[in-house]
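The analysis underlying the following values was restricted to heavy atoms, covering all of them including side chains, and did not include hydrogens, waters or symmetry mates. Counting starts at 1 for both ligands and their atoms, in listed order. FYI, the numbering just counts along the sequence from 1.
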Amino acid sequence: MSLTALQASTYLHHLHFGSPAPEQLSKWYATAMDMQVESLSGDLWLTTGPARLVLFSKGEAKKLSHAGFAVRDAESLQGLRERAEQMGLTPRSVETPLFQPGAFGVTDPDGNAIFFGLTKSPPVKVGKAIRGPIQHLTLATCDVQAIEDFYAGKLGFGVSDRVVNEHGKVMTCFMRGNHEHHNLACFLQDRQGVDHHSYEAGEWDTIRDWSDHFASQDIQLFWGPGRHGPGNNLFIFIEDPDGNWIEVSAELEVVHDRPVKIWPHQERTLNLWGRGVLRTKG
Ligand SMILES: [Fe+2]
């Protein structure tokens, strides 16, 4: 039986980034994002924290090697694969050390590889670390409509919100594979790739703890603290040495079912609170 991403209860499980210096970058993440680092093979590095997993290998900076989305169970995985086949997406079998055998991958209109699979259990156990499960991926794209058509129209992610400019052009689309307001989004830019990825701290006090942690590492916040309009989440942003933007978020809206909200686009402004401002640089 064919199932949508929403019916399959899809969530962001891990990311795999390219980097000109993957060893150094993985070690930076281990320190900055309070994770452990290990070498899996020649140039493949894994950083691990509680419910956060990021792979790095040799490649172009700020380019995704793949994004790994987990689904609820084997029936959900089969159902989503059937839907992808029906929609002509040509799902292919893929392997990653972070999913059980049987994962499949599709390629979006911008060339991003998206894997769907079942997480290996039990989850990787790590020591005490600041709370922040990996939670959403935001793509940069020159064609928001094509990305929405692919993920929402074909794979069946739900659309939560759109940000529209004064001419009616969609600038941003927020999509969800489960109850989280977005675990996937795309921003209109003049390039393709990753805009940012985010870790969900859950509550404001944990944003404080992350901010203290970043300060102890001499890592500057480049945006925030603030509160987004779409998703209503609190946020801070930092930047990794490759230029990837990292968000730590809290209080992200829970969406069970509701009509799509339309937000007015606003240019970047420093630290407006709850006004739908989406970024300050880039
Ligand atoms: Fe975000």
Side-chain angles (χ1 to χ4, degrees), residues 10-15 17 29 32-33 51-52 54 62 64 67-69 110 112 114 130-141 144 147-148 151-152 157-163 170-189 191-204 206-207 210-211 214 219 221-240 242-255 260-261 263 265-282:
T10 302
Y11 63 95
L12 182 61
H13 179 259
H14 66 266
L15 293 171
F17 286 105
Y29 270 74
M33 297 309 298
R52 49 183 184 267
V54 188
K62 299 177 71 174
L64 205 56
F69 284 86
D110 285 357
N112 299 301
I114 309 297
I130 308 171
R131 177 181 174 185
I134 195 165
Q135 193 278 323
H136 69 255
L137 169 68
T138 302
L139 301 170
T141 183
V144 170
I147 294 294
E148 180 183 320
Y151 289 99
F157 281 79
V159 175
S160 296
D161 291 5
R162 295 189 189 96
V163 177
V170 177
M171 309 295 286
T172 311
C173 179
F174 293 91
M175 293 170 277
R176 67 184 187 279
N178 60 15
H179 60 281
E180 299 165 321
H181 175 272
H182 59 282
N183 38 37
L184 181 68
C186 59
F187 287 69
L188 184 66
Q189 292 188 14
R191 65 178 184 91
Q192 298 172 329
V194 176
D195 183 276
H196 69 268
H197 71 287
S198 182
Y199 301 82
E200 180 65 20
E203 57 188 20
W204 181 239
T206 315
I207 295 261
W210 276 107
S211 299
F214 293 142
I219 296 169
L221 305 184
F222 78 71
W223 187 23
R227 186 187 288 280
H228 293 303
N232 197 41
N233 44 331
L234 301 161
F235 65 86
I236 51 175
F237 275 79
I238 62 169
E239 190 170 36
D240 79 16
D242 273 12
N244 295 299
W245 298 348
I246 300 169
E247 178 180 31
V248 178
S249 156
E251 300 185 4
L252 182 66
E253 181 186 352
V254 171
V255 177
V260 177
K261 281 187 198 169
W263 294 80
H265 179 70
Q266 296 178 318
E267 289 305 318
R268 301 183 302 250
T269 309
L270 279 173
N271 293 343
L272 273 183
W273 192 275
R275 295 280 301 281
V277 179
L278 295 173
R279 56 161 49 76
T280 58
K281 61 179 288 190

Could you walk me through whether His228 and Glu247 pass the side-chain hydrogen bond (donor to acceptor under 3.5 Å, both in side chains) check?
-> CA-CA 12 Å; His228 293 303; Glu247 178 180 31; 2.7 Å; yes
Polar side chain donor-acceptor pair, His181 to Asp161, under 3.5 angstrom =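 Yes, Asp161 and His181 have a side-chain donor paired with an acceptor closer than 3.5 Å.
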Could you point out which residue of Val248, Leu12, Asn183 forms a side-chain contact (heavy atoms from CB on, under 4.5 Å) with Gln135?
->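 Going through the options one by one, the only one that passes is Asn183.
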Ignoring waters, how many protein N/O/S atoms are under 2.8 Å from the Fe ion (ligand 1)?
->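 For the Fe ion (ligand 1), protein nitrogen, oxygen or sulfur atoms under 2.8 Å: 3.
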Minimal non-hydrogen separation, Lys62 against Asn244, with atom names |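 That would be CA-OD1, 3.3 Å.
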What do the steps show when you test Arg131 against Thr206 for side-chain hydrogen bond (donor to acceptor under 3.5 Å, both in side chains), and what is the final call?
-> CA-CA 7 Å; Arg131 177 181 174 185; Thr206 315; 5.7 Å; no
What class does the angle between the rings of His197 and Tyr29 fall in, given that below 30° is parallel, 30 to 60° is tilted and above 60° is perpendicular?
->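 Correct class here is parallel.
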